[in-house]
Amino acid sequence: MDNITAGFALCGSFCTFEKAIAQITELRSRGADVVPIMSNNAFSTDTRFGKAADFVEKIEAMCEKKVISTLTSAEPIGPEKLLDILIIEPCTGNTLAKLASGVTDTPVTLAAKAHLRNERPLLIAVSTNDALSTAAQNIGRLLNCRNVYFVPMRQDNCEKKPRSIVADFSRTCEAAEAALNGKQLQPILI
């Protein structure tokens with residue numbers, strides 16, 4: 001990952017933030033320059049999993065740069081070709097729907113649109129309770145999109161949440177390396 005600039009975008013699956021943030025550390029340890037991006041909700045919502053300001057502060061310290069948290073600050077990603085790869089982790093069902101429909105009304109979705117115009121890889125780490133129901137069609141649509149890749153994923157609690165899928169965040173770097181080489185890490189479903 002030396003000399004790679006990776007955008008790392010977090011959406012509002014707050015229960016997965018600690019695992020996702022650990023992957024920023026891993027990317028940095030492998031030599032990647034990480035540009036942090038957060039959805040409006042991820043950037044501003046306090047939950048039982050932690051205060052938004054604490055997450056922002058931690059991420060900015062790790063990346064040594066400010067979080068991109070507005071449409072205005074996300075827009076230059078495309079024309080200035082700022083990223084080699086964009087990782088959305090965690091990617092919620094809401095963001096999956098917006099990506100699949102071309103909706104760009106959050107910093108994360110605008111970053112993705114801006115980045116994809118440069119024919120560079122977008123890596124998605126799904127985390128949604130409705131992946132095997134309403135979000136399934138959006139995952140399917142995105143699986144067929146050029147330059148869109150997925151971190152391998154699985155059901156996270158088939159007894160209590162039978163339609164929920166979460167990516168294996170520990171495979172983010174491996175999936176990113178594959179995506180940078182134009183390959184989907186297999187198997188997608190683990």
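Start at 1 with the first residue, then count along the sequence.
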Q. Is the side chain of E75 donor-acceptor paired with the backbone N or O of A114 at a distance under 3.5 Å, no angle test?
A.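 No: the side chain of E75 does not pair with the backbone of A114.
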Q: Measure from the side-chain N and O atoms of D84 to the backbone N and O of T5, and report whether any donor-acceptor pair falls under 3.5 Å.
A: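 The answer is yes, because a donor-acceptor pair under 3.5 Å joins these two groups.
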Roughly how far, to the nearest 0.5 Å, is [atom2] of [Y] from [atom1] of [X]?
X    : Y    : atom1 : atom2 : value
R154 : I188 : CZ    : CD1   : 15.0 Å
L82  : N118 : CG    : CG    : 9.0 Å
M62  : I24  : CE    : CD1   : 5.0 Å
I37  : I77  : CD1   : CD1   : 4.0 Å
H115 : I87  : NE2   : CD1   : 9.5 Å
I139 : L99  : CD1   : CG    : 11.5 Å

Q: Might you work through the side-chain contact (heavy atoms from CB on, under 4.5 Å) test for M153 and L189, ending with a clear yes or no?
A: CA-CA 5 Å; M153 58 189 121; L189 298 175; 3.9 Å; yes
Q: Show your working on side-chain contact (heavy atoms from CB on, under 4.5 Å) between I68 and V35 and close with a plain yes or no.
A: CA-CA 8 Å; I68 292 173; V35 176; 3.7 Å; yes
Set of residues satisfying side chain to side chain donor-acceptor pair (under 3.5 Å) with respect to [X], sequence neighbours excluded:
X    : value
E60  : none
K65  : D33
S133 : none

Specify the closest pair of heavy atoms between [X] and [Y], including all atoms of both residues, with the distance to one decimal.
X    : Y    : answer
V126 : A131 : CG1-CB, 4.5 Å
C173 : E26  : SG-CG, 3.3 Å
A74  : P107 : CB-O, 3.5 Å
D46  : A52  : OD1-N, 2.7 Å
L10  : A20  : CD2-CB, 4.3 Å
V108 : C11  : CG1-SG, 3.8 Å

Determine whether [X] and [Y] fall in the same hydrophobic cluster, where Ile, Leu, Val, Met, Phe, Trp and Tyr are linked whenever their side-chain heavy atoms lie under 4.5 Å apart.
X    : Y    : answer
V151 : I4   : yes
I165 : L96  : yes
F8   : V148 : no
I88  : M38  : no
V56  : L27  : yes

Q) Are side-chain heavy atoms of C15 and R48 found at a separation under 4.5 Å? A)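 When only atoms from C-beta onward are counted, R48 and C15 do not touch, as no gap falls below 4.5 Å.
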Listed once per pair and sorted, the salt bridge (charged side-chain N to carboxylate O under 4.0 Å, His left out) pairs that draw on [range], sequence neighbours left out:
range            : answer
residues 89-101  : K98-D105
residues 4-25    : E18-K58
residues 158-167 : D156-K161

Q) Which pairs, with at least one residue in residues 23-81 and sequence neighbours excluded, count as a ring pair (Phe, Tyr, Trp, His ring centres under 6.0 Å)? A)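 Ring pair (Phe, Tyr, Trp, His ring centres under 6.0 Å) check on residues 23-81 returns F17-F55.
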Q) Which pairs count as ring pair (Phe, Tyr, Trp, His ring centres under 6.0 Å) when at least one residue sits in residues 117-173, sequence neighbours excluded? A)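 Counting only pairs at least two positions apart or across chains, no ring pair (Phe, Tyr, Trp, His ring centres under 6.0 Å) contact touches residues 117-173.
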Q: Show which residues join L110 in its hydrophobic cluster (side-chain heavy-atom contacts under 4.5 Å, direct or indirect), or state none.
A: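 L71, all in the cluster of L110.
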Q: Would you list the pairs meeting side chain to side chain donor-acceptor pair (under 3.5 Å) in which at least one residue belongs to residues 119-129, sequence neighbours left out?
A: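 Qualifying pairs: S13-S127, E119-R146, E119-N147, T128-D130, N129-S164.
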(Q) Show every side chain to side chain donor-acceptor pair (under 3.5 Å) that has at least one partner inside residues 34-44, sequence neighbours left out. (A)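 Side chain to side chain donor-acceptor pair (under 3.5 Å) check on residues 34-44 returns no pairs.
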Let me have the donor-acceptor pairs involving side chains of residues 175-183, under 3.5 Å, with sequence neighbours excluded, atom names and distances please.
unit_1: E177; atom_1: OE2; unit_2: R30; atom_2: NH1; d: 3.3
unit_1: N181; atom_1: ND2; unit_2: E177; atom_2: O; d: 3.0

Q: Please say whether more than 12 non-hydrogen atoms of neighbouring residues, nucleotides or ligands are located less than 6.0 Å from CD in E57.
A: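 Check fails, neighbour count at 12 or below.
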Q) Counting only heavy atoms not in N157, do more than 12 sit closer than 6.0 Å to its CG atom? A)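 Buried by this count: over 12 neighbours within 6.0 Å.
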